[in-house]
S.K.: 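Structure in C-alpha cells, see below.
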Amino acid sequence: MADAAVNSADVIVVGAGGSGLFAAVEAAEMGRRVLVLEKNWAPGGTTNWAIGSLSSSASPMQAAMGIHDTPAAHFDDMALFHGALLCRDNPELRRAFVENVPDTLKKLLDMGVVFFGPMPEPPHRVPRMHNVLPNSRAYAHALYGRARELGVDIRLNHRVRRLLFERGRVVGVEAEADGSQRRFMALRGVVLAGGDFSANREMKRTYAGEAIAQAGALVETSTGDAHQLALDIGAEIVNGDIVSGPQLRFVPPRINLMTMLPPSRFLALLMKWSMANLPQPIIRPFIMMFLTTVLEPQRKLYESGAILINRDGSRFADECDKPQLAVPQQPYKEAYIILDGLLAKKFSSWPNYISTAPGIAYAYLPDYKRNRKDIYSTANSLRALARKIGVPSTKLEKTVSDYNSNPRAGTPGLLKPPFIALGPVRSWVLTEGGLRISTAMEVLSKGGEAIPGLFAAGATGQGGIILEGHGHHLGWAFTSGRLAGRAAALREVE
C-alpha cells in the first residue's frame with residue numbers, strides 16, 4: 001500500500017553526491033525550499049572516492065602565484081586532452097563549464113574547503129589543477145554542512161523509483177523508503193544527480209559492450225537509476241559507449257582512524273602548512289594516512305618486468321596488452337602484482353613510481369610498505385610469499401620459473417629476493433554516458449526539446465561533454481550541479 005502522505009518542495013534533487021548537494025545549496029541560497037533524496041545511508045557518492053582535484057582558470061590561488069589565466073584559454077586547452085574523442089565533445093557545454101567553474105571554486109573556498117596548488121598538468125598552458133585537502137571527502141562534508149545550514153531537507157535511504165509526469169511536465173517523484181512508496185511533489189523542478197551507471201551491468205552491456213560490462217564499479221550503488229528515470233519519459237543517453245577505463249586499480253584502503261576523522265578545515269590547513277614547511281620524509285606518511293581513493297599502478301611496472309598472477313598462482317595475460325580486460329575473468333575477479341628485489345629498489349625513487357597519489361604527487365614502493373600494509377606482502381622466498389597472499393606455492397614457483405625462462409624483453413626476470421606482492425588489483429570502470437541536456441541543464445527528449453521541469457547534473461547529466469584530464473570530472477560535477485540547481489529554482493511555478 002502506497003503511503004498516502006504527499007510531501008512537496010520547490011526543488012527536488014535526486015542524489016546527494018557532489019553535484020546533487022551543490023544543486024541543493026544553489027537552489028536554497030535563492031530562497032527555495034529544497035528536498036534531497038538519496039538512496040544510500042550517507043551523502044557523498046562517487047565524489048568521496050575521487051582523487052580530489054578540480055581544474056579551473058581565474059582562481060585566487062593562481063592570482064597569488066602571479067598566473068594570469070582565463071576561461072577562454074581553459075576552453076582551448078581542454079580540447080587538447082581529447083585526442084580522437086574531440087569530435088564527440090559538446091563545445092557548448094564545455095564553454096558553459098569553463099565560464100562557470102571559477103565561481104564554483106570560489107564558492108567552495110567560501111565554504112571552507114582547502115586546496116593546495118594549483119599544479120601543472122600539460123597540455124594546460126598554466127597550472128590549473130587545484131587539489132583538495134585532506135581528501136575528497138572534504139567536498140561532501142562542506143556541501144552537506146552548508147545545505148543543512150540553509151535548511152535543505154536531506155533524506156537518506158530514499159530510493160527514487162519513478163518521475164511523476166503530468167500535463168506534459170515533471171511534477172515530482174515517487175520514492176521507496178522503509179518498504180513503502182512515497183510521493184514528493186516539485187513545484188518548480190526536479191534535478192537528477194545520481195552519478196554514473198558503472199555498476200549497472202545491463203546498461204554497460206547495452207551502451208559499451210560485453211568487455212566493459214564485466215568490469216567492476218568504483219561505487220557499487222552507481223546503478224544508473226537517475227538515467228533510467230529520464231529514459232522512461234523519453235530522454236536519451238549520449239556518449240554511452242565512452243568509458244574511463246577499464247583500469248587496474250588497487251582495492252580501496254581499509255577504514256582507519258585517520259580516514260574516519262571528519263575532513264575539517266583545521267586538519268586541511270595543518271596539512272597544507274606541513275606540506276610547505278616539513279621535509280618530504282616526514283610529511284609523506286602523514287598525508288598518505290588520509291587517502292580514501294583507489295590508486296592505479298603504472299604500466300611501467302609491467303614493462304620493467306613485474307607480472308600479474310591470479311588467485312590460482314597463474315600468469316593469465318600479457319601484462320602490457322590490456323590485462324584489465326582479463327582480470328574480470330579470473331577467480332574473485334582480482335590479481336596480484338609480483339616484483340623481486342631489483343624491481344623493488346628501482347620503484348623506490350623518481351622517476352619510477354608505483355602510482356600517482358593525491359597530496360604527494362607520486363607514491364613509491366616504500367610508501368605502500370608503510371601506509372598500505374593491507375596490499376603489501378613480502379618474503380624471502382616465493383613459497384613464503386604464496387602463503388602470505390593465499391595462493392598455491394608450487395604453482396607460483398612454477399609460474400615465476402616459466403616466466404624467468406622467457407622474461408619480458410630487456411628485463412632479467414624475477415630472480416632476486418625479497419619477493420613482493422602488491423594487491424589485489426581489480427578492474428574498475430567509470431561510465432561517461434550522460435543524459436542529453438541543454439546549456440541550462442534541462443534534460444532533452446530524443447527530439448531535442450526540453451522536458452519541462454527536469455534537469456540533470458554531474459555524471460547523470462554529462463550530456464556529451466568530454467572530461468579528459470585531471471580535475472574536470474569534479475569540476476563538471478560541482479559546476480553543473482550549481483547551474484542545474486539555479487535553473488530549477490528560477491523556473492516559474494505552473
S.K.: What do you reckon, is NZ of Lys398 surrounded by more than 12 foreign heavy atoms closer than 6.0 Å?
M.R.: no

S.K.: Should Leu37 and Val13 count as side-chain neighbours, where that means a heavy-atom distance under 4.5 Å?
M.R.: no

S.K.: Do you know which two heavy atoms are closest between Gly194 and Thr460, and how far apart they sit?
M.R.: N-OG1, 2.9 Å

S.K.: Considering all heavy atoms of both residues, which atom of Leu301 and which atom of Pro297 are nearest to each other, and what is their separation?
M.R.: CD1-CB, 4.0 Å

S.K.: Would the distance check show the side chain of Lys39 and the main-chain N or O of His158 forming a donor-acceptor pair, the cut-off being under 3.5 Å?
M.R.: no

S.K.: Is there a side-chain contact (heavy atoms from CB on, under 4.5 Å) between Thr378 and Phe419? Walk through the geometry before answering.
M.R.: CA-CA 6 Å; Thr378 184; Phe419 298 98; over 6 Å; no

S.K.: Under the rule for ring-ring contact (aromatic ring centres under 6.0 Å, His included), what residues qualify as partners of Phe81, not counting sequence neighbours?
M.R.: His124, His472

S.K.: Side chain of Lys333, backbone of Val327: donor and acceptor closer than 3.5 Å?
M.R.: no

S.K.: Counting only N and O atoms by type, is there a donor-acceptor contact under 3.5 Å from the side chain of Asn352 to the main-chain atoms of Lys300?
M.R.: no

S.K.: Check whether any side-chain heavy atom of Val132 lies under 4.5 Å from a side-chain heavy atom of Leu54, and answer yes or no.
M.R.: no

S.K.: Just verifying a value: how many Å separate His141 NE2 and Asn135 CG, rounded to the nearest 0.5 Å?
M.R.: 10.5 Å

S.K.: Closer than 4.0 angstrom, basic N to acidic O: yes or no for Glu236 and Arg436?
M.R.: yes

S.K.: Which pairs count as side-chain hydrogen bond (donor to acceptor under 3.5 Å, both in side chains) when at least one residue sits in residues 80-89, sequence neighbours excluded?
M.R.: Arg88-Asn239, Arg88-Asp241, Asp89-Arg94

S.K.: Look only at the side chain of Trp476 and the backbone of Gly458, and say whether a donor-acceptor pair between them is shorter than 3.5 Å.
M.R.: yes

S.K.: Please round to the nearest 0.5 Å and tell me the distance separating atom CG of Leu467 and atom OG of Ser244.
M.R.: 10.0 Å

S.K.: Looking at side-chain heavy atoms only, is the closest gap between Leu444 and Leu435 below 4.5 Å?
M.R.: no

S.K.: Can a side-chain donor-acceptor contact be found between Thr223 and Asn200 if the only test is distance below 3.5 angstrom?
M.R.: no

S.K.: Does anything in residues 418-428 pair up under side-chain hydrogen bond (donor to acceptor under 3.5 Å, both in side chains), and if so which pairs, sequence neighbours excluded?
M.R.: Glu334-Arg426

S.K.: Any pair with a residue in residues 113-127 that passes salt bridge (Lys or Arg N to Asp or Glu O under 4.0 Å), sequence neighbours left out, goes on the list, sorted by first then second residue, please.
M.R.: Asp77-Arg125

S.K.: Which atoms form the tightest heavy-atom contact between Val443 and Ala235, and what is the distance?
M.R.: CG1-CB, 3.7 Å

S.K.: May I ask you to decide if the ring planes of Tyr353 and Tyr364 are parallel, tilted or perpendicular, using 30° and 60° as cut-offs?
M.R.: perpendicular

S.K.: Can you measure from OG1 (Thr47) to CG (Leu143) and round to the nearest 0.5 angstrom?
M.R.: 8.5 Å

S.K.: With heavy-atom distances below 4.5 Å as the criterion, would you say the side chains of Leu343 and Asp340 are in contact?
M.R.: yes

S.K.: Using side-chain heavy atoms (C-beta onward) and a distance below 4.5 Å, is Tyr139 in contact with Phe22?
M.R.: no

S.K.: Ignoring hydrogens and geometry beyond distance, is a side-chain donor-acceptor pair present between Glu92 and Asn90 at under 3.5 Å?
M.R.: no

S.K.: Closest approach of Val400 and Leu414, non-hydrogen atoms and distance?
M.R.: CG1-O, 3.8 Å

S.K.: For the side chain of Glu319 and the backbone of Tyr302, is there at least one donor-acceptor N/O pair under 3.5 Å apart?
M.R.: no

S.K.: Going by ring-ring contact (aromatic ring centres under 6.0 Å, His included), name the residues that satisfy it together with Phe347, two or more places apart in sequence or in a different chain.
M.R.: none

S.K.: Under the side-chain contact (heavy atoms from CB on, under 4.5 Å) criterion, do Leu385 and Ile338 qualify, and how do the steps go?
M.R.: CA-CA 10 Å; Leu385 182 66; Ile338 306 298; 4.2 Å; yes

S.K.: Pairing donors with acceptors under 3.5 angstrom, does anything connect the side chains of Glu432 and His473?
M.R.: yes

S.K.: Can you name the salt bridge (charged side-chain N to carboxylate O under 4.0 Å, His left out) partners of Asp318, sequence neighbours left out?
M.R.: Arg408

S.K.: So do Glu296 and Leu248 actually touch side chain to side chain, heavy atoms under 4.5 Å?
M.R.: no

S.K.: Side-chain contact test, heavy atoms from C-beta onward, threshold under 4.5 Å: evaluate it for Val191 versus Val14 and give yes or no.
M.R.: no

S.K.: Looking at Asp196 and Ser222, what are the two nearest heavy atoms and their distance?
M.R.: OD1-CB, 3.1 Å

S.K.: Look at the side chain of Ser136 and the backbone N and O of Ala50, then say whether any donor-acceptor pair between them is shorter than 3.5 Å.
M.R.: yes

S.K.: Does Ser274 reach the main-chain N or O of Leu270 with its side chain, forming a donor-acceptor pair under 3.5 Å?
M.R.: yes

S.K.: For the pair Asp367 and Lys369, find out whether any cationic side-chain nitrogen is under 4.0 Å from an anionic carboxylate oxygen.
M.R.: no

S.K.: Which residue pairs pass the salt bridge (Lys or Arg N to Asp or Glu O under 4.0 Å) test with at least one member in residues 344-355, sequence neighbours excluded?
M.R.: none

S.K.: For the side chain of Ser57 and the backbone of Asp69, is there at least one donor-acceptor N/O pair under 3.5 Å apart?
M.R.: no

S.K.: Who are the ring-ring contact (aromatic ring centres under 6.0 Å, His included) partners of His130, not counting sequence neighbours?
M.R.: none

S.K.: Decide whether Thr104 and Thr479 meet the rule of one side-chain donor and one side-chain acceptor closer than 3.5 Å.
M.R.: yes

S.K.: When rounded to the nearest 0.5 angstrom, what distance separates CD1 in Ile51 from OG1 in Thr356?
M.R.: 5.0 Å

S.K.: Does anything in residues 376-397 form a salt bridge (Lys or Arg N to Asp or Glu O under 4.0 Å)? List the pairs, not counting sequence neighbours.
M.R.: Arg383-Glu397

S.K.: Hey, are the side chains of Tyr368 and Ile375 touching, using non-hydrogen atoms and a 4.5 Å cut-off?
M.R.: yes

S.K.: Roughly how far apart are Ile465 CD1 and Ile437 CD1, rounded to 0.5 Å?
M.R.: 8.5 Å

S.K.: Would the distance check show the side chain of His227 and the main-chain N or O of Gly433 forming a donor-acceptor pair, the cut-off being under 3.5 Å?
M.R.: yes

S.K.: The criterion is ring-ring contact (aromatic ring centres under 6.0 Å, His included); which residues satisfy it with Trp350, sequence neighbours excluded?
M.R.: Tyr362

S.K.: Looking only at non-hydrogen atoms, find the nearest pair between Asp312 and Pro331 and report the distance.
M.R.: OD2-CG, 3.5 Å

S.K.: Could you give the side-chain donor-acceptor pairs of residues 205-219 under 3.5 Å, partners two or more places apart or in another chain?
M.R.:
from	atom 1	to	atom 2	distance (Å)
Arg205	NE	Glu210	OE1	2.6
Arg205	NH1	Glu202	OE1	3.4
Arg205	NH1	Glu202	OE2	2.5
Arg205	NH2	Glu210	OE1	3.4
Arg205	NH2	Glu210	OE2	3.4
Thr206	OG1	Glu202	O	2.9
Glu210	OE2	Gln214	NE2	2.4

S.K.: Is there a donor-acceptor contact under 3.5 Å from the side chain of Glu38 to the main chain of Asn40?
M.R.: yes

S.K.: Drop me the distance from Gln462's CD to Ser19's OG, to the nearest 0.5 angstrom.
M.R.: 10.5 Å

S.K.: Under the rule for salt bridge (charged side-chain N to carboxylate O under 4.0 Å, His left out), what residues qualify as partners of Lys107, not counting sequence neighbours?
M.R.: Glu26, Glu29

